[in-house]
Amino acid sequence: MATPGAESPTRRAARAAATLAIATVLAVALVSWIHDLAQPRIEATQRAQRLAQLTGVLGATRYDNDPLTDTIEVRDAELLGTAAPVLVHRVRLAGKPVAALVNVVAPGGYAAAIQLLVAIDPAGHLIGVRVTGHRETPGLGDAIEERRSAWIHVFDGRALGDPAIERWRVRKDGGDFDQLTGATVTPRAIVGAVRNALVYFERHRDELLSVDAARDGTP
Amino acid sequence: MRMVLSDILRNGLRDQNPGLVQLLGLCPLLAVSTSVANALGLGVATLAVLVTSNAIAALAGPWLPREVRLAVFVLVIAAAVTSVELAMSGWWPGLHDSLGIFLPLIVTNCLVLARAESFASRQPLAHALADGLAMGLGFLLVLLALGAGRELIGHGSLGAGMDLLLGRSDAGSGWRLFPERHGLLLALLPPGAFVLLGLMLAMMNAWSSARRRAGHASGASVAEPAS
């Protein structure tokens, strides 16, 4: 390294700037190389995760299209829980709709909004509900996860008339759905969000299920 | 200042342990140590970043003008962390999700920058590598101890979710001491992490002062942490 006194301040500054510039270029090159290596893997695993989520909530329902690409986006801040566009996956067998999967949001979570995946059959019955993202308290509110408790299955097979719409509440609020031990806020938010999703489905059934939409994932 | 490898190892693991003596990087330490699997994931990621950034700091340190040395080290650390994060989200997506924001936040773990700037940049490559390994292992061990304690008390299990870490579903779900519902929630929340770390610090201090007393009593000189 050159002795500090031998260099003019301008030269020193220029050398420092050049060093920093070279280091930046090298760092960016490294990161983008690794990014290119990892990107196909990341996309594949994300796709596999999404598909596992969809097939998990669909259970025994048979279908032959690709629900990951056969999607539409809808908006309804009041009934879907978010002002942002909501993704709806359409599930079909031999071209006929067998389910719509709606990614709704339950804004009333204890810590933050809860992300839900609601599967509804063409007659308006729930095939199932899964929590896809939440920040509820570990050990209390996280019993809404399917792998932690069976609570989320209280919705299987239910519909808007079963129970009547005014009974779509947790028991504490005079409804038909059990709350969780030690956690009422979380189930209350989810029951409300699922009910709203069913109301939305009933109002927009044709739009959600129609085959002649812009994209069609049937092979 | 001549250092031998055994000194470097002893510093990282015990005398200058980042978690229990230097108290560096407490934010990820306390936030992520809710289970053994999470602790192992973050510990190994931090270890990889530490070794990489120490090695680059040792190689590049002598060539860097003083004015931009810190800036270059921050850049190196950020690039290493980003690479680790990308690799993890490609190959261990489950673990990547459960570590969440704390993975990119390794950049801000002062332990990494401190080792690169205050140690690795003035040492030969072998010493810098050994120091990264020792400090990383010291951090990893504290993380693991906290993670094991909190998981055992809070969930009643040990090593649950290791299948996420290994990316295979046949790796089993760990060992279970008692059913989940009897777990003490406090251990999983941030206060529990502070309580447990406090207990570990107290044990560490009691142990090192007992060693010092024993050293004085026998008249032998106890090796002070080389600095």
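Note on naming: letters A, B, ... go to the chains in the order of the sequence lines (proteins, then strands), and numbering restarts at 1 for each one.
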- Message: Is the ring pair A:Trp168/A:Phe155 parallel, tilted or perpendicular, if the boundaries are 30 and 60 degrees?
- Response: parallel

- Message: For a quick test of reading the model, state the closest non-hydrogen atom pair linking B:Leu42 to B:Phe102 and the distance between them.
- Response: CD1-O, 3.7 Å

- Message: Can you tell me which portion of B:Thr82 sits under 4.5 Å from chain A's heavy atoms? Options are side chain, backbone, both or neither.
- Response: side chain

- Given a strict heavy-atom distance threshold of 4.5 Å, which part of A:Leu26 is in contact with chain B: side chain, backbone, both, or neither? neither

- Query: Crowded around A:Glu73 CD? As in, over 12 foreign heavy atoms under 6.0 Å?
  - Reply: yes

- Message: Name the residue from A:Gln39, A:Gln46, A:Arg47 that meets the side-chain hydrogen bond (donor to acceptor under 3.5 Å, both in side chains) definition with A:Glu43.
- Response: A:Gln39

- Item | Greatest number of heavy atom pairs closer than 4.5 Å to chain B - which of A:Ala13, A:Ala44, A:Ala23 | A:Ala23

